[in-house]
Chemist: 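Have a look at the structure that comes next, please.
Keep in mind that what you see is a predicted model, and the values were worked out from it rather than measured. Naming convention: chains lettered A, B, ... in sequence-line order (proteins, then strands); numbering from 1 in each chain.
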There are 2 protein chains.
Amino acid sequence: MSVPPRYRAKSRVDVSGEESRAKAVAVATELFALTGFKGTSVAAVAARTGLSQSGLLHHFPSKAALLTAVLEERDRQDGDFLAGSAGPPLGWAAFDALAALVARNSTRPHLVGLFVRLAAEATEPAHPAHAWVHEHYSGLRRWLTEAVHSGQEQGEIAEDAPVDSLARMTIAVIDGLQQQWLLHPDAMSMTAEFEAFAATVRARWAR
Amino acid sequence: MSVPPRYRAKSRVDVSGEESRAKAVAVATELFALTGFKGTSVAAVAARTGLSQSGLLHHFPSKAALLTAVLEERDRQDGDFLAGSAGPPLGWAAFDALAALVARNSTRPHLVGLFVRLAAEATEPAHPAHAWVHEHYSGLRRWLTEAVHSGQEQGEIAEDAPVDSLARMTIAVIDGLQQQWLLHPDAMSMTAEFEAFAATVRARWAR
DNA sequence: GTATACCGACCGACCACACGGTCGGTGCTT
DNA sequence: AAGCACCGACCGTGTGGTCGGTCGGTATAC
């Protein structure tokens with residue numbers, strides 16, 4: 001009773017595999033950014049990649065694995081941007097580095113969308129990206145607190161500056177600005193807004 | 001060939017309808033907050049309400065209608081909290097009002113969760129809450145800008161304060177803090193963090 | 001006071017579809 | 001001959017939503 005499988009399209013070209021994988025990750029990044037992880041179907045990613053669903057699942061055993069790949073890729077791209085080649089920035093330089101990051105993100109709306117969506121979705125402990133988001137935040141906070149702290153030691157930042165609060169609110173500003181920017185990209189400049197914030201903080205706590 | 005429908009359970013009590021509706025809205029608020037709109041099924045809401053799915057859909061014609069009801073309820077509860085009975089607060093008082101709001105939100109994690117999830121999900125223009133989120137933000141921004149502006153006229157806030165940026169970054173801080181707080185509710189106090197921010201801003205731009 | 005008509009609350013069965021994932025293949029390349 | 005890239009068919013499950021119906025209560029007609 002089994003129907004013989006149909007022939008494939010003649011024009012079919014099996015690509016290098018590495019390429020397909022990379023394209024799938026790029027497509028998934030974009031779709032996860034637009035409609036979230038839950039809101040994106042494997043089939044949709046496959047279609048835009050130019051594969052069948054099974055073809056995509058050949059490269060990534062599950063949807064969660066695809067998400068992992070996306071996150072790893074983001075880490076790889078962003079990874080050393082803040083750490084920089086000359087060691088972690090100290091004191092106010094950290095805020096400049098953050099401003100540069102914000103400026104860079106203004107160029108890459110999918111990555112911003114991806115992160116905002118994911119951060120919200122992954123509040124749920126069972127979400128496959130929960131641990132990742134968690135680490136992302138605590139890593140960022142640690143980095144910033146250390147920078148501010150050593151800024152104090154160098155006498156660049158006031159001794160009585162509330163280090164932890166400064167770190168938390170700075171991260172909060174970045175997140176919140178991203179949210180507003182995604183809603184209305186043309187109506188504002190994330191970079192300018194962040195710099196206004198940084199200037200305020202600086203004026204208040206410079207030694 | 002049709003099977004006769006079974007009798008209902010004897011213990012069944014048709015409640016006032018108004019009650020069922022209200023309970024459903026409360027349950028939906030909580031579930032949408034925990035798992036997002038997309039991540040919550042109508043059946044799950046129905047079950048926790050003590051209704052069948054059809055029973056729930058009897059009160060709300062669609063899932064989107066349920067969401068609308070949830071948002072309207074939130075607006076109703078929060079609505080005049082900021083506007084206050086004595087007209088909109090002016091100048092720095094606006095920041096006190098916001099601090100009070102943040103303190104109040106620390107008590108109601110579902111509402112915070114609901115909003116954070118929804119704000120992220122509804123970035124997508126096709127989302128049923130897109131317009132709502134949009135209005136929510138622009139309303140809040142208008143309110144804050146006006147408050148700061150009139151603070152300037154009263155000579156309480158420096159003339160050269162960047163009004164728009166101030167509004168945007170303040171809203172951003174609140175959103176960002178909510179995000180961090182949802183991820184780690186016990187590790188921080190939203191209120192304290194927001195007050196630290198407000199103090200910084202005040203110190204910088206008080207006239 | 002009883003029969004009748006109607007209404008709102010609610011339910012079980014069902015539907016079409018989309019989902020993530022499996023399985024057994026085919027065909028190209030080496 | 002082996003291995004890789006890939007596909008079509010299929011499956012179980014969950015989804016939002018529809019449909020026809022039951023039930024208790026209340027207003028009205030007689």
Chemist: Under 4.0 Å between a side-chain N or O of A:Ser20 and OP1 or OP2 of D:dA5?
Modeler: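 It does not, given that no N or O in the side chain of A:Ser20 lies less than 4.0 Å from OP1 or OP2 of D:dA5.
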
Chemist: Look at the side chain of A:Ser52 against the base of D:dG8 and say whether a donor-acceptor pair falls under 3.5 Å; ignore hydrogens and angles.
Modeler: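 For A:Ser52, whose side chain was compared with the base of D:dG8, there is no donor-acceptor pair (under 3.5 Å).
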
Chemist: How far apart are the closest heavy atoms of A:Arg117 and B:Ala120, and which atoms are they?
Modeler: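 Scanning both residues, the minimum pair turns out to be NE-O, 3.1 Å.
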
Chemist: Mind checking whether A:Tyr137 and B:His184 have ring centres under 6.0 Å apart?
Modeler: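 Judged by ring-centre distance (under 6.0 Å), A:Tyr137 and B:His184 do not meet the cut-off.
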
Chemist: May I ask you to list the residues of residues 41-50 of chain B, by number, that have any heavy atom positioned under 4.0 Å from an atom of DNA chain D?
Modeler: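 Within this stretch, B:Ser41, B:Val42 sit under 4.0 Å of the strand.
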
Chemist: Quick one: A:Leu67 CG to C:dG20 P, roughly how many Å, whole number?
Modeler: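 In whole Å, C:dG20 P lies 12 Å from A:Leu67 CG.
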
Chemist: If I take atom CD in residue A:Glu19 and atom P in nucleotide C:dT29, what distance separates them, rounded to the nearest angstrom?
Modeler: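 Distance, rounded to whole Å: 14 Å.
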
Chemist: Send over the distance from B:Leu56 CG to C:dC11 P, rounded to a whole Å.
Modeler: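 Atom-to-atom, B:Leu56 to C:dC11, this comes out as 10 Å.
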
Chemist: Please state how far atom CG in B:Leu66 lies from atom C1' in D:dG17, giving the value in whole angstrom units.
Modeler: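 Distance, rounded to whole Å: 14 Å.
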
Chemist: Is there side-chain contact between A:Phe60 and A:Thr68, with heavy atoms separated by less than 4.5 Å?
Modeler: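 SC-SC contact between A:Phe60 and A:Thr68 ruled out.
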
Chemist: Got a donor-acceptor contact below 3.5 angstrom from the B:Glu121 side chain to the B:Phe37 backbone?
Modeler: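 Yes; at least one donor-acceptor contact below 3.5 Å.
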
Chemist: For the side chain of A:Ser54, counting heavy atoms from C-beta on, which of C:dG12, C:dA9, D:dA9 is nearest?
Modeler: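 Per side-chain heavy atoms of A:Ser54, the pick is D:dA9.
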
Chemist: Can you name the ring pair (Phe, Tyr, Trp, His ring centres under 6.0 Å) partners of A:His149, sequence neighbours left out?
Modeler: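 A:His149 satisfies ring pair (Phe, Tyr, Trp, His ring centres under 6.0 Å) with no other residue.
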
Chemist: Could you give the CG-to-P distance, from B:Leu57 to D:dG21, as a whole number of Å?
Modeler: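 Atom-to-atom, B:Leu57 to D:dG21, this comes out as 20 Å.
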
Chemist: Which nucleotide sits closest to the side chain of B:His58: C:dC10, C:dC11, D:dC6?
Modeler: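 Nearest to the side-chain atoms of B:His58, counting from C-beta on, is C:dC10.
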
Chemist: Of all the choices, C:dT22, D:dC6, D:dT18, which nucleotide is nearest to the side chain of A:Leu51 once you look at every atom?
Modeler: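 Of all the options, the side chain of A:Leu51 is nearest to D:dC6.
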
Chemist: For A:Lys63 and C:dG20, what is the distance between atoms NZ and P respectively, to the nearest whole Å?
Modeler: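 Spelled out: NZ on A:Lys63 to P on C:dG20 is 4 Å.
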
Chemist: Would you check, one step at a time, whether the test side chain to side chain contact (heavy atoms under 4.5 Å, CB included) holds for A:Phe32 with A:Leu71?
Modeler: CA-CA 11 Å; A:Phe32 288 166; A:Leu71 296 180; over 6 Å; no

Chemist: Roughly how many Å is it from NZ in B:Lys23 to P in C:dC10, rounded to a whole number?
Modeler: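 My rounded result for the distance is 11 Å.
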
Chemist: Hey, what's the ring geometry for B:Phe95 with B:Phe194, parallel, tilted or perpendicular (30° and 60° as the breaks)?
Modeler: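 Because their plane-to-plane angle is under 30°, the rings of B:Phe95 and B:Phe194 count as parallel.
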
Chemist: Kindly say whether, by distance alone, the side chain of A:Ser62 makes a donor-acceptor pair under 3.5 Å with the base of C:dG21?
Modeler: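 When only heavy-atom distances are counted, A:Ser62 does not reach the base of C:dG21 through any donor-acceptor pair under 3.5 Å.
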
Chemist: Could you tell me the separation between the CZ atom of A:Phe60 and the P atom of D:dC6, rounded to a whole number of Å?
Modeler: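 To the nearest whole Å, that distance equals 11 Å.
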
